[in-house]
Amino acid sequence: MVTVDKPKRKYDFRSIEGKWQKAWQDQNLYAAPDIPDADNKFYMLVMFAYPSGDMHMGHFRNYIIGDAVARYEMMQGKAVLHPFGWDAFGLPAERAAIDRDIHPRQWTQENVTVSRATLQKAAISYDWSREINSSEPEYYKWTQWLFIQLFNKGLAYRKRGFVNWCPTDQTVLANEQVKDGRCERCDTLVEKKDQVQWYFKITEYADQLLDDLDNLPDWPDSVKTMQREWIGRSHGAEVDFTIEDTGEKLPIFTTRPDTIYGVTFMAIAPESEIINRLNLEPEYAEAVADYQMQALRRSEIERAAATGEKDGVFTGKYAVNPYNGERVQLWVADYVLAGYGTGVVMAVPAHDTRDFAFARKYDIPIKVVIHPNADTTLEVATMEDAFTDYGPMVNSDRFDGLASFEAVKTVTDYAAQQGFGRHKINYKLKDWLISRQRYWGCPIPIIHCDKCGQVPVPEADLPVELPDVKNFLPKGRSPLADVPAYMNVACPKCGGEAERDPDTMDTYACSSWYQMRYTDPHNDQAIFNKDVASAWLPIDLYVGGITHATGHLIYFRFFHKFLRDLGLVNVDEPVTRLVCLGMVQDETGVVMSKSKGNTVSPGPLMDEYGIDITRLAMFFTAPTEKEVVWSGATMVGVQKFVHNKLFPLIENYRGSKPDLKQRFKLEEMNEYERSIFVKLNQTIKRVSDDIVRLQFNTAIAALMELLRDYDSANISSDQLNDCLVLKTIQLAAPLAPHVAEELWHQSGFEESVFRSEWPVYDPEAIVGDLIEIAVQVNGKLRDTVRVAAEADQADTGHHFS
RNA sequence: GCGAAAGUGGUGGAAUUGGUAGACACGCUGGAUUUAGGAUCCAGUUCCGCGAGGAAUGGGGGUUCGAAUCCCCCCUUUCGCACCA
């Protein structure tokens with residue numbers, strides 16, 4: 001067969017991209033309406049960016065995914081809100097600024113400028129009129145306003161306690177910012193320090209945060225599981241033991257009150273202040289003090305690493321078990337966590353692995369109170385480990401013979417009756433420590449007055465602006481404390497001399513409510529208009545990294561619920577559907593990050609191949625939730641596709657200006673027409689479904705198949721041919737917007753392809769609705785049957801009977 | 001240790017609810033074209049076998065007419081939590 005080379009029109013992206021980007025901007029294509037029709041809106045949000053330099057392929061992937069969905073929803077006729085902004089406060093900016101000897105504001109602004117330019121170059125469909133920056137007074141005024149609302153409701157408070165301290169960053173950290181005992185930002189081992197700090201009372205919302213996870217079917221299970229474990233609710237009993245000498249009550253928390261007759265000692269966390277009140281005899285006091293010092297010096301990791309090898313020190317004191325009046329030794333041991341429960345545990349060596357190891361080591365009595373079952377009994381002498389399951393109770397006085405699982409309640413009820421105990425729920429979740437001893441953050445809007453105490457800054461005086469400070473090197477206390485002009489103010493209540501709080505807030509406070517500000521970003525009278533916010537919320541799709549599963553994604557649910565309780569929003573949860581992207585790795589499998597210096601920037605790729613080809617390559621590499629190893633190899637395939645198939649497609653357009661809604665009759669088509677028409681309709685369905693489930697790689701594959709099979713020469717109907725061309729262009733538009741827009745206009749349209757209506761498939765032209773069922777006997781294919789997809793068992797059953 | 005997710009060609013990955021496994025690409029092999037290279041086009045490419053055919057979705061069992069998909073055990077990898085009483 002002789003093939004005649006047709007001269008292909010080259011896809012010259014350089015002359016095309018700029019033209020359409022300008023056109024989109026001129027016609028305000030991305031502008032969201034002020035108030036949408038709540039039934040026909042789509043709020044597409046990608047986590048906002050930390051401006052730490054230009055973006056790499058990992059960021060790029062996030063943004064083009066959001067962009068494709070936003071464009072698709074636009075073509076569905078939805079009012080789309082697709083905003084962007086900058087999470088601009090925080091330590092990295094401060095550290096970089098110190099290294100370069102410039103102001104963090106300058107460093108941040110330079111990065112914002114660069115990143116914004118790259119995003120605009122990539123033509124991400126953001127409504128830039130809604131851009132926000134958390135380090136600007138216009139924004140952080142409302143972060144402060146929120147702080148004050150929390151303060152007024154008793155949900156922002158100061159307390160003394162052992163906190164996580166990063167010696168490198170010279171500031172305290174929230175639990176969520178400690179990973180594996182190390183600072184999330186700089187990887188330094190975290191120390192414990194006894195300090196007064198500000199907290200947000202997120203524990204007030206613990207139950208809602210936990211229970212409402214059940215109402216989020218479109219959140220990944222992994223995230224919900226992580227949040228459930230992070231909140232860590234457990235039901236149990238609080239029982240008051242008594243310190244023998246002083247008579248002081250010593251409450252403990254246990255989930256196993258059924259083992260309470262087996263208590264043979266008690267253990268106190270070394271940080272606990274109870275120890276100070278024990279009036280230790282001199283012969284014990286010194287050893288206990290030494291032990292406390294030693295435990296405090298050890299990091300969490302070291303303490304936890306000694307799994308199995310428990311140690312502690314006897315206080316010389318005894319406590320009394322209220323159930324049976326037995327006196328048991330009181331120990332200090334660092335396997336007890338100060339921050340959970342009451343910081344004191346009842347130890348039941350026979351039925352708890354840790355207590356067992358401890359008792360064996362220090363030769364403390366072991367007492368069996370539960371047997372595995374009625375026929376099997378436990379002998380202390382032969383036990384090699386604790387028996388931690390439930391079973392019939394023994395040696396437990398009035399409770400003997402009860403099944404211990406049910407006895408949890410019975411035993412607790414008894415304590416409640418007698419007045420020495422109660423049912424109790426405990427959480428691993430702790431209140432959110434939000435004060436930071438650093439400069440580049442949102443100032444805490446509280447004034448400390450000797451007479452009036454903690455006084456919030458009056459709303460009219462907000463924002464409390466972050467002053468310019470020359471030297472903001474970390475020194476363990478806020479640099480703002482050394483700025484008298486900032487610190488010294490009159491008390492808003494009594495007018496007397498007072499001081500501002502010198503600390504700034506955790507940046508996670510700034511990022512916990514930005515999603516609402518986007519709905520009304522420039523409101524200077526209120527945090528946002530509640531009707532506007534209610535119309536846009538909840539976010540329909542939120543895209544971001546899995547790394548925020550227990551940090552940001554809990555905090556912002558908490559803020560959302562708080563704002564709901566203030567009456568400012570009317571839904572319970574901020575996000576309907578959450579999707580966490582896999583990381584982008586370099587060719588050696590290492591996650592791309594600025595700190596590792598292995599980033600690939602999309603900029604040069606876009607310059608060399610064009611924006612659309614770069615986007616398609618990223619999309620085509622892997623489905624959304626998987627991590628991507630970026631090698632650039634996929635560039636080749638999608639480049640061929642765009643140059644040889646997609647862009648030249650327009651040459652087959654015959655100019656019939658078809659009505660895109662007309663219906664074609666299968667029975668009037670020739671064989672080829674029928675098969676390509678079916679393929680078109682299958683492709684419409686596949687691409688639509690794939691975009692919704694964010695599986696762009698298969699959407700592109702479907703388009704490749706369609707164009708592979710398409711041959712204009714075999715189609716006699718101009719209308720059919722032209723519909724096929726135009727609908728293919730539309731299907732490609734969310735993925736390759738510049739190419740699609742160019743082709744759309746070359747076919748004679750004046751209006752943007754993104755204002756056109758997304759194609760709808762003809763259900764009658766989807767052969768896929770017939771399923772071919774292979775009938776097999778003993779694994780051999782005997783027959784195939786075609787049945788309608790909706791056919792149920794009854795329809796197909798007779799073939800097998 | 002506990003919990004979760006996942007294991008498919010040389011590679012990235014398809015197979016939306018159990019229905020002809022390997023779509024779509026990359027790479028590779030052969031051929032065509034080209035002054036040459038790149039590029040482009042055509043053909044082939046899971047494995048074994050000349051072939052008919054057989055085997056195959058980490059391994060082993062099970063349910064089913066039929067399993068990559070559902071159930072059980074084991075192995076491996078990744079992630080999360082890590083003394084939570």
Does OP1 or OP2 of A85(B) have a side-chain N or O of Ser234(A) closer than 4.0 Å?
yes
Are OP1 or OP2 of C84(B) and a side-chain N or O of Tyr427(A) less than 4.0 angstrom apart?
no
Is [N] paired to anything, Watson-Crick or G-U wobble with both distances less than 3.5 Å, and if yes, which nucleotide?
N: U69(B); value: none
N: A14(B); value: none
N: G7(B); value: C75(B)
N: G38(B); value: none
N: A43(B); value: U29(B)
N: A82(B); value: none
N: G53(B); value: C48(B)

Could you check which of [options] has an atom nearest any side-chain atom of [X]?
X: Trp230(A); options: G3(B), A82(B), C83(B); answer: A82(B)
X: Asp352(A); options: A15(B), G80(B), A85(B); answer: A85(B)
X: Glu705(A); options: A23(B), C81(B), G3(B); answer: A23(B)
X: Asn644(A); options: C83(B), G3(B), C41(B); answer: C41(B)
X: Thr698(A); options: A15(B), A85(B), C84(B); answer: A15(B)
X: Lys640(A); options: C83(B), C26(B), A85(B); answer: C26(B)
X: Arg686(A); options: C84(B), C26(B), U16(B); answer: U16(B)
X: Thr225(A); options: C26(B), G12(B), G3(B); answer: G3(B)
X: Lys626(A); options: G13(B), A85(B), A25(B); answer: G13(B)
X: Glu229(A); options: U40(B), G3(B), A85(B); answer: G3(B)

Is the closest basic N to carboxylate O distance between Asp311(A) and Lys361(A) below 4.0 Å?
no
Between Ile546(A) and Val638(A), which is nearer to the 5' end of RNA chain B once each is assigned its nearest nucleotide?
Val638(A)
Heavy-atom nearest nucleotide on RNA chain B for Gln695(A) versus Met704(A): which residue maps closer to 5'?
Gln695(A)
Do the ring planes of [X] and [Y] sit parallel (below 30°), tilted (30 to 60°) or perpendicular (above 60°)?
X: Phe358(A); Y: Tyr362(A); answer: tilted
X: Phe314(A); Y: Trp331(A); answer: tilted
X: Tyr555(A); Y: Tyr508(A); answer: tilted

Separation between the [atom1] atoms of [N] and [M], rounded to whole Å:
N: C42(B); M: A25(B); atom1: P; result: 11 Å
N: U45(B); M: C72(B); atom1: P; result: 39 Å
N: A5(B); M: G44(B); atom1: C1'; result: 38 Å
N: G58(B); M: G54(B); atom1: P; result: 22 Å
N: A14(B); M: G22(B); atom1: C1'; result: 7 Å
N: C26(B); M: U35(B); atom1: P; result: 26 Å
N: C2(B); M: A68(B); atom1: P; result: 31 Å
N: A6(B); M: U69(B); atom1: C1'; result: 14 Å

Mind checking if [X] touches a base, just sugar-phosphate, or nothing, with heavy atoms under 4.0 Å?
X: Thr621(A); answer: sugar-phosphate
X: Asn697(A); answer: sugar-phosphate
X: Ser631(A); answer: nothing

Whole Å only: how far is the [atom1] atom of [X] from the [atom2] atom of [N]?
X: Glu625(A); N: G12(B); atom1: CD; atom2: C1'; value: 18 Å
X: Met226(A); N: A82(B); atom1: CE; atom2: P; value: 10 Å
X: Lys224(A); N: A5(B); atom1: NZ; atom2: P; value: 12 Å
X: Ile700(A); N: A25(B); atom1: CD1; atom2: P; value: 11 Å
X: Lys645(A); N: C41(B); atom1: NZ; atom2: C1'; value: 11 Å
X: Lys310(A); N: C84(B); atom1: NZ; atom2: C1'; value: 13 Å
X: Phe620(A); N: G27(B); atom1: CZ; atom2: P; value: 12 Å
X: Phe641(A); N: C41(B); atom1: CZ; atom2: P; value: 13 Å

Do Tyr340(A) and Ser234(A) meet the criterion of a side-chain donor-acceptor pair at a distance under 3.5 Å?
yes
Side-chain donor-acceptor contact under 3.5 Å, Trp432(A) with Glu176(A)
no
I'd like to know if the side chain of His235(A) reaches the main chain of Thr255(A), judged simply by a donor and an acceptor atom lying under 3.5 Å from each other, with no hydrogens or angles considered.
no
Within 90° of 0 counts as syn, otherwise anti: where does G38(B) fall?
anti
Kindly say whether, by distance alone, the side chain of Arg256(A) makes a donor-acceptor pair under 3.5 Å with the base of A85(B)?
no
Among Val692(A), Leu735(A), Leu731(A), Val687(A), side chain to side chain contact (heavy atoms under 4.5 Å, CB included) partner for Tyr72(A)
Val692(A)
Please evaluate residues Trp758(A) and Ser688(A) with respect to the criterion side chain to side chain donor-acceptor pair (under 3.5 Å), reporting the C-alpha separation (whole Å), side-chain torsions for both, the decisive distance (0.1 Å), and the verdict.
CA-CA 9 Å; Trp758(A) 186 257; Ser688(A) 308; 2.9 Å; yes
